[in-house]
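Here the structure comes first, spelled out in structure tokens, and everything after it is commentary.
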Amino acid sequence: MDTQNKSIFSQYFKSTLAVTAVALVGFLFSDIIDYHVTAFILLVTVSILAMSFDIFPVLLAAILSALLWDFLFIPPRFTFSVGTTEDKLLLLMYFVIAMVNGVLTFKIRQIEKQASKKETKEKAIQLYNTLFNSLSHELQTPISTIIGATDTLKDNEAKLSEKNKNALIDEISIASLRLNQQVGNLLNISRLESGYLRLKKDWCDINELIYSVVNKLQGKSGEHKINISIAENFPLFKLDFGIMEQVIYNLVNNAIQYTPDKSTISISAKYTTTITGHFDENDITGDLHRDNSSNTLVITISDNGKGFPENEIEKVFDKFYRLQNSHPGGTGLGLSIVKGFVEAHFGKITLKNIPSGGAEFTIELFAKASHPNQLKNE
């Protein structure tokens with residue numbers, strides 16, 4: 001067995017031993033330490049291992065920690081079955097967070113190793129701090145909300161009114177969606193950077209696309225007013241519906257978060273078709289024979305808020321960039337993902353401030369277009 005194999009074997013052994021030891025210590029003190037606290041201790045253990053070990057020993061530690069937490073701590077104990085829906089949700093989130101945490105820590109450590117120059121090394125450290133400062137808030141807040149709400153439901157179920165129960169369930173739902181969004185952003189940025197993003201284009205109804213996003217944001221829009229301006233006879237465009245839905249969602253959600261209550265957000269779509277062709281002198285109709293056509297879809301999302309600082313407009317699409325003096329929270333990935341998804345469609349996105357106040361994002365996509373009645377003949 002060569003030195004490298006010995007090192008990997010040693011990492012597997014040490015990661016297994018460390019997680020098992022922490023779990024057993026937690027089990028010995030389970031009478032005085034709540035099992036939710038044990039989960040956080042196990043997560044810290046996985047994070048520490050990720051700072052020194054390779055990815056696969058870390059993933060093994062993450063999986064093992066989830067299994068041990070389930071078997072030794074989650075009621076009913078000493079079985080892999082989970083008693084309540086809340087605990088099932090907690091176990092699922094624990095597993096996802098442990099895996100993501102381990103992978104992110106390992107990836108950032110890789111970046112630090114590859115940084116050969118001082119400049120690159122400083123950038124990697126800044127990236128590490130930015131990412132983990134953001135994630136510490138963005139992941140911890142919804143997790144704390146879910147744990148607090150589920151504990152209240154579990155300990156005071158008989159005393160709570162139906163109204164209070166529904167309010168706690170709503171809190172869990174909102175926090176879960178927020179957690180899902182952050183994990184989704186991390187996965188999306190990984191797909192873009194790795195080059196594994198593959199578009200699944202099909203005929204898309206732009207009205208359906210826009211209204212789908214607005215419906216998903218109803219619970220978050222608060223007192224904001226959303227105006228939609230799209231012609232009823234708008235043609236279909238060949239796009240990846242899911243990817244473009246995420247693009248529109250990120251932009252509208254961004255406008256909701258960074259504009260005052262009762263602000264107006266406007267969404268509009270238009271298109272242009274440039275036809276190239278020739279006239280046939282022998283054709284008595286005198287019609288233009290279309291050899292080729294180019295279709296441009298333009299989607300505009302604007303608001304009447306305060307707009308962006310002029311000196312930061314060029315940086316807003318940078319990965320992990322957050323505006324100066326912006327409110328806490330956020331990973332700075334939303335607009336970076338938008339730019340990557342738009343460029344994957346061979347399109348472009350621009351941002352400008354509106355003279356009367358507010359900001360305007362403009363998406364230009366070059367795609368095939370067709371009216372629904374034309375598709376019947378294809």
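Here the structure is a predicted model, which is why all the values come from computation and not from measurement.
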pair [X]-[Y]: side-chain heavy atoms closer than 4.5 Å:
{"X": "K339", "Y": "V342", "result": "no"}
{"X": "S302", "Y": "I354", "result": "yes"}
{"X": "F308", "Y": "Y258", "result": "no"}
{"X": "T272", "Y": "N295", "result": "no"}
{"X": "I363", "Y": "L297", "result": "no"}
{"X": "D303", "Y": "T264", "result": "no"}
{"X": "V252", "Y": "I267", "result": "yes"}

Closest non-hydrogen atom pair, [X] against [Y]:
{"X": "I172", "Y": "I146", "value": "O-CG1, 4.1 Å"}
{"X": "A23", "Y": "L42", "value": "N-CD2, 4.2 Å"}
{"X": "F53", "Y": "K14", "value": "CZ-CB, 3.8 Å"}
{"X": "T16", "Y": "T20", "value": "O-OG1, 2.7 Å"}
{"X": "F237", "Y": "I206", "value": "CD1-CG1, 4.1 Å"}
{"X": "Y271", "Y": "P235", "value": "CE2-CD, 3.3 Å"}

Got a sec, which residues hit side chain to side chain contact (heavy atoms under 4.5 Å, CB included) with [X], two or more places apart in sequence or on another chain?
{"X": "V37", "answer": "I33, D34, I41"}
{"X": "E245", "answer": "L209, S212, V213, K216, F241"}
{"X": "D261", "answer": "E223, H224"}
{"X": "D151", "answer": "H36, I147, K154, D155"}

ILVMFWY cluster, [X] and [Y] together (side-chain gap under 4.5 Å):
{"X": "F40", "Y": "V25", "result": "yes"}
{"X": "L217", "Y": "I228", "result": "yes"}
{"X": "V298", "Y": "F366", "result": "no"}
{"X": "I74", "Y": "I32", "result": "yes"}
{"X": "F361", "Y": "F346", "result": "no"}

In Å and rounded to the nearest 0.5 Å, what is the [atom1] to [atom2] distance from [X] to [Y]?
{"X": "I230", "Y": "I299", "atom1": "CD1", "atom2": "CD1", "value": "7.5 Å"}
{"X": "E171", "Y": "L168", "atom1": "CD", "atom2": "CG", "value": "5.5 Å"}
{"X": "I210", "Y": "F234", "atom1": "CD1", "atom2": "CZ", "value": "9.0 Å"}
{"X": "I301", "Y": "I226", "atom1": "CD1", "atom2": "CD1", "value": "10.0 Å"}
{"X": "L239", "Y": "C204", "atom1": "CG", "atom2": "SG", "value": "5.0 Å"}
{"X": "L251", "Y": "T362", "atom1": "CG", "atom2": "OG1", "value": "10.0 Å"}

Open item on the list: Could you list the cluster mates of F13? Members are the ILVMFWY residues connected by side-chain heavy atoms closer than 4.5 Å, either directly or through other members.
Closed with: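 Once heavy-atom contacts under 4.5 Å are chained together, F13 belongs with L17.
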TODO: Could you work out the complete set of other residues in the hydrophobic cluster of V44, with links drawn between I, L, V, M, F, W and Y side chains under 4.5 Å apart?
DONE: I48
TODO: Given side-chain contact (heavy atoms from CB on, under 4.5 Å), test I265 with N227 step by step and report yes or no.
DONE: CA-CA 6 Å; I265 299 169; N227 292 331; over 6 Å; no
For [X], what residues pass the ring-ring contact (aromatic ring centres under 6.0 Å, His included) criterion, not counting sequence neighbours?
{"X": "F27", "result": "F78"}
{"X": "F29", "result": "none"}
{"X": "Y211", "result": "none"}

Task: side-chain contact (heavy atoms from CB on, under 4.5 Å) between T300 and K270, worked out - done: CA-CA 9 Å; T300 304; K270 62 181 181 179; 5.7 Å; no
Open item on the list: Suppose the criterion is side-chain hydrogen bond (donor to acceptor under 3.5 Å, both in side chains): which pairs have a residue in residues 69-80, not counting sequence neighbours?
Closed with: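 Qualifying pairs: S30-R77, T79-S81.
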- [ ] Determine which pairs satisfy side-chain hydrogen bond (donor to acceptor under 3.5 Å, both in side chains) with at least one residue from residues 344-360, sequence neighbours left out, and list them in order.
- [x]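 Matches after skipping sequence neighbours: E310-N353.
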- [ ] Go through the structure and list residues passing salt bridge (Lys or Arg N to Asp or Glu O under 4.0 Å) with K201, not counting sequence neighbours.
- [x] none
TODO: Carefully, step by step, assess L24 and L28 under the rule side-chain contact (heavy atoms from CB on, under 4.5 Å).
DONE: CA-CA 6 Å; L24 290 176; L28 291 175; 5.6 Å; no
Task: Test side-chain contact (heavy atoms from CB on, under 4.5 Å) applied to T259 and K306, step by step - done: CA-CA 7 Å; T259 56; K306 298 179 181 179; over 6 Å; no
Open item on the list: Is it true that Q246 and N250 share a donor-acceptor pair across their side chains at a distance under 3.5 Å?
Closed with: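 Indeed, the side chains of N250 and Q246 share at least one donor-acceptor pair under 3.5 Å.
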Open item on the list: I'd like to know if the side chain of N304 reaches the main chain of S263, judged simply by a donor and an acceptor atom lying under 3.5 Å from each other, with no hydrogens or angles considered.
Closed with: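 It does not hold such a pair.
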